[in-house]
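Structure record follows, encoded as structure tokens.
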Amino acid sequence: MYMDNRIKRYSRIKYTLAIVEFVYLLLILVLFQFSGLAIQLRIKVSSIFGNQFFLVFFYCLLLFSLYFILNLPLEFYRSYAVEHRFGLTREKFPHWIADKIKEFLVGFIILIILVEGFFFFLRYYPDNWWWISSLFWIFFSVILAKVFPVLIVPLFFKYKKITDEELRRRILNLADRMGIKILEVYQIDFSKKTKKCNAALVGLGKSKRVVLTDTLQGNFSPDEIEVILAHEFAHFRLRHLIKMLILNAALILFIFYVLFKFAGLIFSRFNLNLADIAGLGVWIFCFAVLQACFVPLLNWISRNMERNADRLAIKFTQLKDGFISVMDKLSQQNLVERNPSRWIKIIFFDHPPVQERIALAENYFQGVPVSD
């Protein structure tokens with residue numbers, strides 16, 4: 001009972017903070033635009049840098065830095081204070097702030113690539129910017145998925161090959177049985193930041209690798225780890241990554257098309273032309289709101305993919321008890337709500353709730369179909 005109450009308290013805080021952070025972002029963008037700061041910042045930066053590339057670069061740098069500073073107290077409460085309060089981490093403040101700085105730098109590099117491309121296409125292809133920008137963003141997202149385990153993960157965690165040779169062979173054998181080609185099995189030092197645990201098959205092509213958090217070993221049996229990785233392998237066997245990339249590509253195309261149709265009307269109210277960097281806050285606001293509208297649909301699609309991956313994992317491993325015990329342990333160790341309300345599930349859950357996943361395992365062996 002104590003653990004259930006603890007999970008509910010933690011979950012409620014997380015749900016609330018997710019909403020607050022989103023609303024806070026929108027509020028900052030609105031105040032930034034209506035206060036005239038957007039225009040003033042563009043005038044200041046353009047008086048120093050006449051070149052459009054540098055204008056966009058330094059405008060983004062200042063705006064992104066401003067948001068980082070304003071959001072830092074909320075981020076500190078969400079990812080440091082709350083995690084310590086619930087005993088999910090022992091990370092020291094200097095390490096936490098160092099990670100936030102690295103996140104800032106990585107986030108800014110990604111942002112500036114996307115924004116520079118976006119405003120370039122706005123300036124030089126005013127009638128076709130929406131689909132050219134979409135293709136550019138889609139291409140970049142594929143590249144990012146490929147380089148993520150090689151370039152970004154090592155900035156925050158250290159890779160090392162797992163030392164348990166028996167477990168390694170078991171994982172490679174499972175991958176072979178499921179028709180998955182992997183580079184190697186690695187462990188990352190998750191425990192230096194959190195007590196939560198996870199496993200993943202990350203990367204594309206030759207960068208594809210199994211990654212286990214060091215919090216898994218010692219807390220989970222070989223059967224349980226096999227079930228977890230069978231689920232991850234199932235995603236690749238079912239081509240879920242490709243499907244999600246296609247789905248996100250379609251979403252980006254749709255959002256940019258909607259913006260293309262209505263941007264003129266929106267920007268005329270601010271007396272701005274579409275390629276004016278002072279309108280960046282308006283673009284971000286519109287994109288964020290439109291994207292948020294699709295969250296329930298994307299979560300529903302993701303939950304169905306996760307459910308199919310669960311079925312395939314159970315089919316290949318036949319480890320019913322291992323699957324159920326994994327779900328129980330993950331719920332307790334990661335403080336994940338087992339049976340949330342319908343609306344919480346729709347808005348926040350891209351995986352089926354734990355109780356539903358356990359029911360799927362129990363019903364699978366009885367031939368009972370499970371629906372969302």
Side-chain angles (χ1 to χ4, degrees), residues 17-46 52-75 78 100 103-123 125-126 129-138 140-141 144 248-249 251-295 298:
L17 287 174
I19 295 172
V20 169
E21 283 185 309
F22 180 70
V23 173
Y24 186 51
L25 168 64
L26 299 185
L27 181 61
I28 288 173
L29 293 173
V30 168
L31 292 175
F32 180 70
Q33 210 66 44
F34 282 97
S35 67
L37 284 174
I39 300 285
Q40 292 177 31
L41 182 60
R42 187 251 289 147
I43 292 172
K44 277 287 186 184
V45 176
S46 61
Q52 284 296 315
F53 173 84
F54 289 110
L55 172 60
V56 171
F57 181 91
F58 285 100
Y59 188 95
C60 285
L61 178 60
L62 293 171
L63 181 57
F64 195 59
S65 299
L66 177 64
Y67 174 72
F68 176 79
I69 293 169
L70 292 176
N71 191 59
L72 196 57
L74 194 57
E75 179 66 17
R78 181 189 67 81
K100 292 301 135 183
E103 287 176 17
F104 170 85
L105 294 173
V106 171
F108 177 71
I109 291 170
I110 294 172
L111 174 73
I112 198 61
I113 291 172
L114 295 176
V115 173
E116 286 282 9
F118 178 69
F119 276 92
F120 175 85
F121 300 132
L122 274 173
R123 289 194 302 271
Y125 303 95
W129 63 263
W130 68 274
W131 65 266
I132 300 175
S133 294
S134 298
L135 293 180
F136 175 69
W137 282 35
I138 292 164
F140 183 73
S141 68
L144 193 60
N248 286 322
L251 179 60
I252 290 171
L253 275 166
F254 178 78
I255 289 176
F256 272 124
Y257 180 72
V258 172
L259 292 175
F260 172 71
K261 285 296 185 181
F262 295 99
L265 177 62
I266 295 170
F267 276 75
S268 65
R269 297 182 179 275
F270 293 94
N271 295 318
L272 295 170
N273 66 65
L274 301 187
D276 191 338
I277 189 61
L280 177 61
V282 181
W283 286 114
I284 295 174
F285 182 96
C286 294
F287 197 92
V289 170
L290 287 172
Q291 192 174 41
C293 293
F294 287 91
V295 166
L298 293 174

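All heavy atoms count here, side chains included; hydrogens, waters and symmetry mates do not. Along the sequence shown, the residues carry numbers beginning at 1.
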* Could you walk me through whether W129 and F136 pass ring-ring contact (aromatic ring centres under 6.0 Å, His included), step by step? => CA-CA 10 Å; W129 63 263; F136 175 69; over 10 Å; no

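- Remark: Y24 OH to L17 CG distance equals 13.0 Å, nearest 0.5 Å.
- The two residues W283 and A263 make their nearest non-hydrogen contact at CH2-CB, 3.6 Å.
- Screening F254, W137, F118 for a ring-ring contact (aromatic ring centres under 6.0 Å, His included) involving F287 leaves a single residue, W137.
- Put simply, the side chain of S133 never gets that close to the backbone of W130: no donor and acceptor are under 3.5 Å apart.
- Among residues at least two apart or in separate chains, salt bridge (Lys or Arg N to Asp or Glu O under 4.0 Å) pairs with a member in residues 268-284 are R42-D276.
- Annotation: side chain of S65 is not in contact with side chain of F108 (no heavy-atom distance under 4.5 Å).
- Judged as a salt bridge (Lys or Arg N to Asp or Glu O under 4.0 Å), not a single pair has a partner in residues 24-35 (not counting sequence neighbours).
- When atom types are taken as modelled, the side chain of E116 and the backbone of F54 share no donor-acceptor pair closer than 3.5 angstrom.
- Side-chain atoms of K261 and Y257, non-hydrogen and from C-beta on, do get closer than 4.5 Å to each other.
- Counting heavy atoms from C-beta on, the side chains of I266 and C286 come closer than 4.5 Å.
- Between the CG atom of L135 and the CG atom of L253 there is a distance of 6.5 Å, given to the nearest 0.5 Å.
- Between C60 and I112, the shortest heavy-atom contact is CB-CD1, 3.7 Å.
- A 4.5 Å side-chain heavy-atom check between V282 and F285 finds every atom pair outside the cut-off.
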* Could you give me the CA-CA distance, side-chain angles and deciding distance for L63 and F32, then say whether side-chain contact (heavy atoms from CB on, under 4.5 Å) is met? => CA-CA 9 Å; L63 181 57; F32 180 70; 3.7 Å; yes

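- The minimum heavy-atom distance between S46 and L55, with the atom names listed, is N-CD1, 3.7 Å.
- Contact detail for F267 and N273: the closest heavy-atom pair is CD2-O, 4.0 Å.
- In this structure, the separation between CD on E75 and CG on L70 is 13.5 Å, given to the nearest 0.5 Å.
- What you find for A275 and R123 is that their closest heavy atoms are CB-CG, 3.8 Å.
- Looking at heavy atoms from C-beta onward, L259 lies in side-chain contact with L290 at the 4.5 angstrom threshold.
- The two residues L272 and G279 make their nearest non-hydrogen contact at CD1-CA, 3.8 Å.
- Within the 4.5 Å cutoff, no side-chain heavy atoms of L66 are placed close to those of L41.
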* Check against side-chain contact (heavy atoms from CB on, under 4.5 Å), I28 and N71 -> CA-CA 10 Å; I28 288 173; N71 191 59; 5.6 Å; no

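- Under a 3.5 Å cut-off, the side chain of Y67 and the backbone N or O of L29 do not form any donor-acceptor pair.
- Taking CZ of F57 as the start and CD1 of I277 as the end, the distance is 12.0 Å to the nearest 0.5 Å.
- Ring pair F121/W131: centre-to-centre distance not below 6.0 Å.
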* To do: Please assess F64 against F104 for the test side-chain contact (heavy atoms from CB on, under 4.5 Å), listing each intermediate value before the final yes or no.
  => CA-CA 8 Å; F64 195 59; F104 170 85; 3.3 Å; yes

